[in-house]
K.L.:
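Handing you a structure now.
Both ligands and their constituent atoms are indexed starting at 1 by order of listing. The figures that follow rest on heavy atoms only: side chains count, while hydrogens, waters and symmetry mates do not.
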Amino acid sequence: MGGTFDPIHHGHLVAASEVQSTFDLDEVIFVPTGRPYQKDAQEVTDAEHRYLMTVIATASNPRFRVSRVDIDRPGPTYTIDTLRDLTASLGEDTEMFFITGADALAQILTWKNVDELFSLAHFVGVSRPGHELRSEGLPVDRLSLAQIPALAISSTDCRQRVMDGAPVWYLVPDGVVQYIAKHDLYRSDNG
Ligand code: ATP
Ligand code: MG
């Protein structure tokens, strides 16, 4: 499951947990992006902070782990490189699934090397409040759609809440609330 995870929140974690269970996956690997090419570099928090928050949020689940492939690769992040690197490290025999929310799924045809993307992984599109979950135009044999418990949480909203002094308790894991406070993230005066 790729994401900016700026910060990771319970919407991400429920999506990962549901898909792990439904597809009986050995593990879910969270892959924080390096520099997401769709998002302005200035607006994205330092990769090490995003990586560590992802580690904190997932550490207690034996089926969750976090990969540094995207944050350690120089240049903008493309999912095709993520899947190629993971295939190289996990071995060709590993069956890969790529978990994505309905909003990201709707953009997928614009992603780099889209045909190879679908050859490297089976995609799982999950429902997300405010976004229609559709498979139109996508290869149906390489895509599954999954309805998951609806959590209307976004990282954008979490960042805005911190900026406004509103709580993010129960939207993100406790350790992430504390990490944000400790490092003074998402306050307007430090960008
Ligand atoms: P931002 O507002 O910064 O874009 P985000 O909440 O969309 O953050 P991302 O890191 O962009 O989080 O998303 C990573 C993946 O998780 C994407 O595939 C996205 O669709 C999915 N996702 C994020 N939030 C949810 C949610 N509440 N329910 C289901 N899927 C989600
Ligand atoms: Mg997003």
K.L.:
Could you tell me if N113 and Y78 have a donor-acceptor pair between their side chains, going purely by distance under 3.5 Å?
P.N.:
no
K.L.:
Which ligand 1 atoms does D103 reach within 4.0 Å, using its non-hydrogen atoms?
P.N.:
19 (C), 20 (O)
K.L.:
Pairs of donor and acceptor atoms involving the side chains of residues 144-158, under 3.5 Å and at least two apart or interchain, shall be tabulated with distances.
P.N.:
from : atom 1 : to   : atom 2 : distance (Å)
S144 : OG     : H122 : NE2    : 2.7
S154 : OG     : D157 : N      : 3.0
S155 : OG     : P7   : O      : 2.8
T156 : OG1    : R159 : NH2    : 3.2

K.L.:
Distance under 4.0 Å to a non-hydrogen atom of G3: what atoms of ligand 1 satisfy this?
P.N.:
10 (O), 14 (C)
K.L.:
In terms of atom number and element, which parts of ligand 1 are under 4.0 angstrom from non-hydrogen atoms of T4?
P.N.:
10 (O)
K.L.:
Quick one about H49 and Y179 (side-chain donor to acceptor, distance below 3.5 Å, no hydrogens or angles considered), yes or no?
P.N.:
yes
K.L.:
Looking at ligand 1, would M1 count as a contact under a 4.0 Å heavy-atom criterion?
P.N.:
yes
K.L.:
Can you list the atoms of ligand 1 that are under 4.0 Å from a heavy atom of F5?
P.N.:
10 (O)
K.L.:
Please confirm whether H9 approaches ligand 1 to less than 4.0 Å, judged on its heavy atoms.
P.N.:
yes
K.L.:
Centre of Y51's six-membered ring, under 6.0 Å away, within 45 degrees of the axis: is that where NZ or CZ of R68 sits?
P.N.:
yes
K.L.:
Counting each atom of ligand 1 from 1 as listed, which ones have a heavy atom of T156 under 4.0 Å away?
P.N.:
1 (P), 2 (O), 3 (O)
K.L.:
Tell me the contacting part of T100 for ligand 1: side chain, backbone, both, or neither, using a 4.0 Å heavy-atom threshold, strictly below.
P.N.:
both
K.L.:
Enumerate donor-acceptor pairs with a distance under 3.5 Å from any side-chain N or O in residues 88-105 to protein atoms, sequence neighbours excluded.
P.N.:
from : atom 1 : to   : atom 2 : distance (Å)
S89  : OG     : D85  : O      : 3.4
S89  : OG     : L86  : O      : 3.3
T94  : OG1    : L90  : O      : 2.9
T94  : OG1    : G91  : O      : 3.4
D103 : OD1    : R128 : NH1    : 3.3
D103 : OD2    : R128 : NH1    : 3.2

K.L.:
Just which atoms of ligand 1 are under 4.0 Å from any heavy atom in G2?
P.N.:
14 (C), 15 (C)
K.L.:
Does S127 approach ligand 1 within less than 4.0 angstrom via side chain, backbone, both or neither, non-hydrogen atoms only?
P.N.:
backbone
K.L.:
Would you mind listing which atoms of ligand 1 come within a distance below 4.0 Å of any non-hydrogen atom of R159?
P.N.:
3 (O)
K.L.:
Just jot down the ligand 1 atoms closer than 4.0 angstrom to any heavy atom of G11, in number order.
P.N.:
26 (C), 27 (N)
